[in-house]
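Chain letters run A, B, ... following the sequence lines, proteins first, then strands; residues in each count from 1. What you see is a predicted model, and the numbers here were worked out from it, not measured in a lab.
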Amino acid sequence: MHNPPDTIDQLMQRAHHIAGWQLGEIAAALDLQAPAHLRQHKGWVGQLLELWLGASAGSRPEPDFPQLGVELKTIPIDAQGRPLESTYVSVCPLTGLHGLGWQDSAVCHKLQHVLWIPVQGDKSIPPAQRQVGMPLLWQPDDNEQQQLQRDWEELIEQVALGKVEQITAHQGELLQLRPKAANRKALTEAIGPDGRKIMTLPRGFYLRTRFTRQLLQRHFL
DNA sequence: TGTTGATCATGC
DNA sequence: GCATGATCAACA
């Protein structure tokens, strides 16, 4: 199953096929070993599902399925089917923001078409035994689209005004802006309060847990 | 107990 | 460092 799917139907068939499987079974089918825990393998679940579904590997700023325009997101859920974590969307540009609009943004593009695959995320379950849930192909409705745009514009405006370091993760209804870095020493260029360049932590856009929770509930309830 | 800020692995 | 894949763990 390493080849890219040709159609969304085919992609969904593959996703449905592994619903109910344990990650260890998928790993075995791919000749991979499941780690004992995710502490040092935080992206393992996502990468495993990428392999199985035939997503294009690599770290390019493209959708996971470029031909289909579909982004894959695995999402850890608790026993009630509720997301346990926020969902990373994309890095936030911190310079060269002049003239950048929502429609041109990576966030807008990535969220146009998302394949959500819930996976048991309770830390008491070893990764190999975690079960894959039913996939959900999602596109934001008009309301969501508008709220996402409002959040994005508000955050980007602050960044453009040199206030990136005043932005807190409390801000934003659906989207939040938080550090996205290897560690606190990984710095990148941004606009400072006086309009001069400063070095600051790279930031990323995340979807709030409460939003993805609603999203999953709306579909599966 | 939910969230925020920090962190881990990998490829280039 | 940047972009991919995210989860960890301290704190409110």
Side-chain angles (χ1 to χ4, degrees), chain A residues 2 4 23 26-27 30 32-66 70-96 105-107 109-111 114-128 130 132 151 155 164-190 197-214 216-217:
Chain A
H2 300 285
L23 297 182
I26 300 173
L30 294 171
L32 298 174
Q33 291 289 320
H37 55 76
L38 298 182
R39 204 164 114 88
Q40 289 156 305
H41 304 272
K42 295 184 178 182
W44 184 77
V45 178
Q47 288 163 353
L48 181 73
L49 273 285
E50 278 187 350
L51 275 177
W52 181 263
L53 296 172
S56 35
S59 56
R60 294 164 306 183
E62 282 186 3
D64 297 296
F65 303 96
V70 171
E71 178 77 12
L72 172 68
K73 291 292 179 193
T74 61
I75 184 164
I77 55 169
D78 66 14
Q80 284 71 240
R82 296 176 309 199
L84 288 163
E85 295 282 352
S86 54
T87 301
Y88 170 70
V89 180
S90 72
V91 293
C92 176
L94 299 180
T95 58
S105 71
V107 176
H109 288 145
K110 289 205 174 192
L111 295 183
V114 179
L115 173 59
W116 296 98
I117 301 191
V119 176
Q120 287 182 326
D122 197 316
K123 284 201 262 293
S124 65
I125 309 173
R130 297 187 185 182
V132 178
D151 287 345
L155 291 164
V164 60
E165 297 194 321
Q166 294 174 38
I167 296 176
T168 163
H170 293 285
Q171 226 172 117
E173 296 291 325
L174 310 184
L175 276 179
Q176 56 181 180
L177 196 71
R178 284 161 39 205
K180 168 65 170 169
N183 53 62
R184 68 195 340 259
K185 294 174 185 168
L187 300 178
T188 192
E189 198 173 274
K197 299 186 199 313
I198 62 169
M199 295 304 282
T200 192
L201 244 33
R203 311 297 161 100
F205 287 105
Y206 294 77
L207 292 176
R208 288 191 176 282
T209 308
R210 83 163 78 99
F211 174 54
T212 54
R213 179 173 305 173
Q214 286 185 315
L216 292 188
Q217 272 182 356

A.B. asks: When you match A:His170 and A:Gly43 each to their closest nucleotide on DNA chain B, which lands nearer the 5' end?
C.D. replies: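 On the 5' side of the pair lies A:His170.
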A.B. asks: Less than 4.5 Å apart, side chain to side chain, heavy atoms only: is that true for A:Ile198 and A:Glu165?
C.D. replies: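 Yes, close enough: below the 4.5 Å cut-off.
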A.B. asks: Check the distance between B:dT10's P and A:Leu48's CG and give it to me in whole angstrom.
C.D. replies: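 Taking atom P of B:dT10 as the reference, CG of A:Leu48 is at 15 Å.
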A.B. asks: How long is the line joining CZ of A:Arg213 and P of B:dT1, in whole Å?
C.D. replies: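 Interatomic distance, CZ of A:Arg213 to P of B:dT1: 13 Å.
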A.B. asks: In the structure I gave you, are the side-chain heavy atoms of A:Val107 and A:Asp151 within less than 4.5 Å of one another anywhere?
C.D. replies: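 Sidechains of A:Asp151 and A:Val107: no contact.
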A.B. asks: Evaluate the side-chain proximity of A:Arg130 to A:Leu38: yes if any heavy-atom separation is below 4.5 Å, no if none is.
C.D. replies: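 A side-chain contact under 4.5 Å exists here.
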A.B. asks: Assess whether one donor atom and one acceptor atom, taken from the side chain of A:Tyr206 and the base of C:dA6, lie less than 3.5 Å apart.
C.D. replies: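 Pair found.
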A.B. asks: Can you check the A:Phe205 CZ to C:dC2 P distance for me, whole Å?
C.D. replies: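 After rounding, the reported distance stands at 16 Å.
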A.B. asks: Taking the minimum atom-to-atom distance to the side chain of A:Thr188, which one of C:dG1, B:dA6, C:dT7 wins?
C.D. replies: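 Output: C:dG1.
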A.B. asks: Among C:dG1, C:dG5, B:dT4, which nucleotide sits nearest the side chain of A:Ala186?
C.D. replies: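 That would be C:dG1.
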A.B. asks: What is the distance, to the nearest angstrom, from the OH atom on A:Tyr88 to the C1' atom on B:dT7?
C.D. replies: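 The answer, rounded to whole Å, is 14 Å.
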A.B. asks: Less than 4.5 Å apart, side chain to side chain, heavy atoms only: is that true for A:Lys123 and A:His37?
C.D. replies: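 The answer is no, as the side chains (C-beta and beyond) never meet within the 4.5 Å cut-off.
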A.B. asks: Using a 4.0 Å heavy-atom cut-off across all strands, classify A:Arg184 as base, sugar-phosphate, or nothing.
C.D. replies: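 A:Arg184: backbone/sugar contact only, no base atoms under 4.0 Å.
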A.B. asks: Taking the side chain of A:Asp64 as its heavy atoms from C-beta onward, which of B:dG5, C:dT4, C:dC8 lies nearest to it?
C.D. replies: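 Of the options given, the side chain of A:Asp64 lies nearest C:dT4.
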A.B. asks: Output the rounded distance in Å from NZ (A:Lys123) to P (B:dG2).
C.D. replies: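 Roughly 12 Å, once rounded to whole Å.
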A.B. asks: To the nearest angstrom, how far is A:His41 atom NE2 from B:dC8 atom C1'?
C.D. replies: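 These atoms are roughly 9 Å apart.
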A.B. asks: Starting from C1' on B:dT4, measure out to CG on A:Leu201 and report it in whole angstrom.
C.D. replies: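 Whole-Å distance recorded here is 13 Å.
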A.B. asks: Looking at side-chain heavy atoms only, is the closest gap between A:Asp64 and A:Leu115 below 4.5 Å?
C.D. replies: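 A side-chain contact under 4.5 Å is absent here.
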A.B. asks: Indicate yes or no for a side-chain donor-acceptor contact from A:Arg208 to the backbone of A:Gln176 under 3.5 Å, with no hydrogens or angles considered.
C.D. replies: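 Checking the backbone N and O of A:Gln176 against the side chain of A:Arg208, no donor-acceptor pair under 3.5 Å is found.
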A.B. asks: Say whether, by atom type as modelled, one donor and one acceptor occur between the side chain of A:Lys73 and the main chain of A:Tyr88 under 3.5 angstrom.
C.D. replies: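 Yes, A:Lys73 side chain to A:Tyr88 backbone: donor-acceptor pair under 3.5 Å.
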A.B. asks: Taking donor-acceptor contacts at under 3.5 Å, does the side chain of A:Lys180 reach the base of B:dG5?
C.D. replies: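 No such pair is found, so the answer is no.
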A.B. asks: Minimum heavy-atom separation for A:Tyr206 to A:Ser86, with atom names?
C.D. replies: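 Minimum heavy-atom separation between A:Tyr206 and A:Ser86: CD2-OG, 3.8 Å.
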A.B. asks: Which part of the nucleic acid, if any, lies within reach of A:Glu71 when heavy atoms closer than 4.0 Å are counted: base, sugar-phosphate only, or nothing?
C.D. replies: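 Contact class for A:Glu71: sugar-phosphate only.
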A.B. asks: So, does A:Lys110 get its side chain near the phosphate of C:dA3, meaning an N or O under 4.0 Å from OP1 or OP2?
C.D. replies: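 So the side chain of A:Lys110 is outside the cut-off, no N or O lying under 4.0 Å from OP1 or OP2 of C:dA3.
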A.B. asks: Considering non-hydrogen atoms only, spot the tightest contact between A:Leu201 and A:Arg184 and give its length.
C.D. replies: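 Shortest heavy-atom contact: CD1-O, 3.5 Å.
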A.B. asks: Phosphate oxygens OP1/OP2 of C:dA3: is one of them under 4.0 Å from a side-chain N or O of A:Ser90?
C.D. replies: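 The answer is no; no side-chain N or O of A:Ser90 sits under 4.0 Å from OP1 or OP2.
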A.B. asks: Is there a side-chain contact between A:Gln47 and the phosphate of C:dT4, meaning an N or O under 4.0 Å from OP1 or OP2?
C.D. replies: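 Negative; the distance criterion is not met.
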A.B. asks: It should be established whether A:Gln40 places a side-chain nitrogen or oxygen under 4.0 Å from OP1 or OP2 of nucleotide B:dA9.
C.D. replies: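 So the side chain of A:Gln40 is within the cut-off, an N or O lying under 4.0 Å from OP1 or OP2 of B:dA9.
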A.B. asks: Name the residue closer to the 5' end of DNA chain C, choosing between A:Val91 and A:Ile75 according to the nucleotide with the nearest heavy atom.
C.D. replies: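 The residue mapped nearer the 5' terminus is A:Val91.
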A.B. asks: Between B:dT3, B:dA6, C:dA6, spot the one nearest the side chain of A:Arg210, thanks.
C.D. replies: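 Selected nucleotide (nearest to the side chain): B:dT3.
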A.B. asks: Write down the distance between CZ (A:Arg208) and P (C:dA6), rounded to a whole number of angstrom.
C.D. replies: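 The distance from CZ of A:Arg208 to P of C:dA6 comes to 20 Å, rounded to the nearest Å.
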A.B. asks: Can you check whether any acceptor in the base of B:dT7 is under 3.5 Å from a donor in the side chain of A:Lys42, or vice versa?
C.D. replies: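 Donor-acceptor pair under 3.5 Å: yes.
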A.B. asks: If each of A:Ala181 and A:Thr209 is mapped to the nucleotide of DNA chain B with the nearest heavy atom, which maps nearer the 5' terminus, i.e. the 5' end?
C.D. replies: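 On the 5' side of the pair lies A:Thr209.
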A.B. asks: Tell me what A:Ser86 touches on the nucleic acid: a base, only sugar-phosphate, or nothing, going by heavy atoms under 4.0 Å.
C.D. replies: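 Base contact.
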A.B. asks: So if I take residues 78-85 of chain A and measure heavy-atom distances to DNA chain B, which residues fall below 4.0 Å?
C.D. replies: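 Of all residues in residues 78-85 of chain A, none places a heavy atom under 4.0 Å from DNA chain B.
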